[in-house]
> 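Below is one structure. I have some questions about it.
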2 protein chains.
Amino acid sequence: MVTKNAMPTPLCGELPAEAVQAARFEKARSAQASAVLEDYVELIDDLLTSQGEARPTDIARRLGVSHATAIKSIGRLKREGLATSKLYRGVFLTPRGLDLAARVRARHRLVVDLLVAVGVPPHCAELDAEGIEHHVSDTALAAFARFLGHERPTDDGAEVE
Amino acid sequence: MVTKNAMPTPLCGELPAEAVQAARFEKARSAQASAVLEDYVELIDDLLTSQGEARPTDIARRLGVSHATAIKSIGRLKREGLATSKLYRGVFLTPRGLDLAARVRARHRLVVDLLVAVGVPPHCAELDAEGIEHHVSDTALAAFARFLGHERPTDDGAEVE
DNA sequence: GCTTTTTTGTAGCCTCGACTACATTTTAGG
DNA sequence: CCTAAAATGTAGTCGAGGCTACAAAAAAGC
């Protein structure tokens, strides 16, 4: 018997257990929907900072997708008001895009740092964080920061096996 | 062709930085591809254990999707050799499905436990784990287990000052 | 036993994110 | 300057995973 719904959940007072569980899955699905856009925004910001420009071909290569796929996604970014692009002139971020990029990057670092702090090898932490980060809530992020701030393991990474 | 088969192993020694980054995103994408199937398998196993049967309608309700969507996904499970179903007789898991369910469940618990251990409120940990779990590698899982076993922080959660 | 409701399944449509193939534009070479 | 290559953009396809609407079978009510 699992009866994982036996605990008193703060927000979901009288809701049926099914609805609670359904909401959980729905949250994960919606997080996934914005994951791709977040990746693009973060990468574009990265390219703009390091290279001075973000060209679709570079974006595609870094993401490991075809240029057509990248261009389509850039179109979505523009529709969502996160980026702009001039014909044959590269992609740029709107203020909203820049803001999102900053938040995504901070979250990424925090997730990696936490993984390393609990003993995940740095290389692996980077890999896993790419998928994980999109699903970490602000509440959890705050907890991560608190955890890292209180008992930061001298930043040399936890002992590798 | 992307020659994605050039590096199945995590030795990114002489590879260009772009390829490394691309591989990271690709891993996240492939993890996402199996996420839905994992959720279904876990839920079906849960229903079989607690209710004795897993009916498409129940699956759909618990996942928060329409029954048509659930039935389609069940079809995918069958194609992948993870489940079987007899007309109007519910869904069952194959040995492979059962094995996957067990692994998914263990991983889920480990992720939740780790989140709680670093100070994430239990309710939030459950929510976030739903999305996170699909992206946690075996290496990271092992680190989680080690962390939880070695330095369990008195289980009172991080003190909220 | 017949009707109604629930459950199950099918069909068709949508969006997203991937792809290939082709068209166009800019840039680079000769 | 004109051509070849690279970069950019467009069109069309595909599968996954959602949806609604409808059809059929099983279960429940009367």
Side-chain angles (χ1 to χ4, degrees), chain A residues 18 22-41 43-44 47 51-80 82-92 130-131 134, chain B residues 1-4 18 22-41 43-44 47 51-80 82-92 130-131 134:
Chain A
E18 291 165 358
R24 221 167 68 196
F25 286 114
E26 196 170 340
K27 169 188 166 279
R29 282 195 296 268
S30 95
Q32 190 52 39
S34 48
V36 174
L37 294 190
E38 289 179 355
D39 284 339
Y40 273 86
V41 165
L43 176 56
I44 291 169
L47 287 170
Q51 253 85 47
E53 63 174 1
R55 293 149 74 231
T57 335
D58 293 333
I59 295 170
R61 192 162 41 215
R62 294 276 283 266
L63 285 171
V65 300
S66 74
H67 79 275
T69 299
I71 286 174
K72 252 197 204 170
S73 297
I74 291 167
R76 267 189 77 209
L77 289 183
K78 294 202 276 186
R79 262 190 290 155
E80 307 267 342
L82 295 170
T84 59
S85 77
K86 292 167 285 189
L87 264 169
Y88 293 89
R89 281 289 167 251
V91 184
F92 299 91
E130 200 58 61
H134 304 291
Chain B
M1 296 315 172
V2 205
T3 62
K4 60 180 70 168
E18 291 166 357
R24 221 168 69 197
F25 286 114
E26 196 171 340
K27 169 190 166 278
R29 282 194 295 267
S30 94
Q32 190 53 39
S34 48
V36 173
L37 294 190
E38 289 179 353
D39 285 338
Y40 273 86
V41 165
L43 176 56
I44 290 169
L47 287 170
Q51 254 84 46
E53 62 175 0
R55 292 147 74 231
T57 335
D58 294 332
I59 296 170
R61 194 162 38 216
R62 294 276 284 264
L63 284 171
V65 300
S66 75
H67 79 275
T69 299
I71 286 176
K72 249 196 208 173
S73 297
I74 291 166
R76 267 189 76 209
L77 288 183
K78 294 202 277 186
R79 264 188 292 153
E80 306 268 342
L82 295 170
T84 59
S85 78
K86 293 166 283 188
L87 263 170
Y88 293 90
R89 282 286 167 252
V91 183
F92 299 91
E130 199 59 60
H134 304 290

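Chain naming here is simple, since letters A, B, ... match the order of the sequence lines and numbering starts at 1 in each.
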> Pull out every protein N or O sitting under 3.5 Å from an N or O of nucleotides 3-5 of chain C, one pair per line with the distance.
none

> Taking for each residue the nucleotide of DNA chain C bearing the nearest heavy atom, is the 5' side occupied by A:E80 or by B:G90?
B:G90
> Taking all non-hydrogen atoms of both residues into account, name the closest pair between B:H67 and B:A60 and its distance.
CA-CB, 3.6 Å
> To the nearest 0.5 Å, what is the distance between CG (B:L47) and CZ (B:R62)?
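B:L47 atom CG to B:R62 atom CZ measures 5.0 Å (nearest 0.5 Å).
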> With rounding to the nearest 0.5 Å, note down the distance linking CG in A:L77 to CD1 in A:I44.
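The CG atom of A:L77 sits 5.0 Å away from the CD1 atom of A:I44.
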> Determine: side-chain N/O of A:R89 to OP1/OP2 of C:dT27, distance under 4.0 Å, yes or no.
yes
> Can you measure B:L87 atom CG to C:dG9 atom P for me and round it to whole angstrom units?
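Going from CG in B:L87 over to P in C:dG9 covers 6 Å.
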> Rounded to whole angstrom units, what separation is found between the CD1 atom of A:I71 and the C1' atom of C:dT26?
14 Å
> Calculate the interatomic distance between B:L63 atom CG and D:dA16 atom P; express it in whole Å.
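Rounding to the nearest Å, CG of B:L63 and P of D:dA16 are 18 Å apart.
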> Just call it for B:R61: base, sugar-phosphate, or nothing, with non-hydrogen atoms closer than 4.0 Å on any strand.
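Contact class for B:R61: none.
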> Rounded to the Å, how far apart are B:K78 NZ and C:dG9 P?
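Those two atoms, NZ and P, are 7 Å apart.
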> Residues in side-chain contact (heavy atoms from CB on, under 4.5 Å) with A:F92, at least two apart?
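Applying side-chain contact (heavy atoms from CB on, under 4.5 Å) to A:F92 gives A:L48, A:T84, A:K86.
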> From A:L82 CG over to A:I74 CD1, what is the distance, rounded to the nearest 0.5 angstrom?
12.5 Å
> Figure out the CD1/C1' separation between B:I74 and C:dT7, and round it to whole Å.
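These atoms are roughly 12 Å apart.
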> Which residues satisfy the side-chain contact (heavy atoms from CB on, under 4.5 Å) test with B:E53, sequence neighbours excluded?
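Scan of B:E53 (side-chain contact (heavy atoms from CB on, under 4.5 Å), adjacent residues dropped) gives B:R55.
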> Within this structure, what is the CZ-to-P distance between B:R55 and C:dT6, rounded to whole angstrom?
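Result: 12 Å.
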> Could you give the CD-to-P distance, from A:Q51 to D:dA7, as a whole number of Å?
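Going from A:Q51 (CD) to D:dA7 (P), I get 14 Å.
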> Atom CG of A:L63 and atom CZ of B:R24: how far apart are they, to the nearest 0.5 Å?
10.0 Å
> Who are the side-chain hydrogen bond (donor to acceptor under 3.5 Å, both in side chains) partners of B:R29, not counting sequence neighbours?
none
> Can you tell me how far P of D:dG9 sits from NZ of A:K86, to the nearest Å?
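After rounding, the gap between these two atoms is 12 Å.
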> Compile the donor-acceptor pairs under 3.5 Å between side chains in residues 33-41 of chain A and protein atoms, sequence neighbours left out, one pair per line.
unit_1: A:S34; atom_1: OG; unit_2: A:A31; atom_2: O; d: 3.1
unit_1: A:E38; atom_1: OE1; unit_2: A:R107; atom_2: NH2; d: 2.6
unit_1: A:E38; atom_1: OE1; unit_2: A:H134; atom_2: ND1; d: 2.6
unit_1: A:D39; atom_1: OD1; unit_2: A:H134; atom_2: NE2; d: 3.0
unit_1: A:Y40; atom_1: OH; unit_2: A:S73; atom_2: OG; d: 3.3

> Which atom pairs link the protein and nucleotides 18-25 of chain D when you take only N or O atoms and keep those under 3.5 Å?
unit_1: D:dG18; atom_1: O6; unit_2: B:K72; atom_2: NZ; d: 2.5
unit_1: D:dC19; atom_1: OP2; unit_2: B:S66; atom_2: N; d: 2.7
unit_1: D:dC19; atom_1: OP2; unit_2: B:S66; atom_2: OG; d: 3.2
unit_1: D:dC19; atom_1: OP2; unit_2: B:T69; atom_2: OG1; d: 2.8
unit_1: D:dA25; atom_1: O4'; unit_2: B:Y88; atom_2: OH; d: 3.2

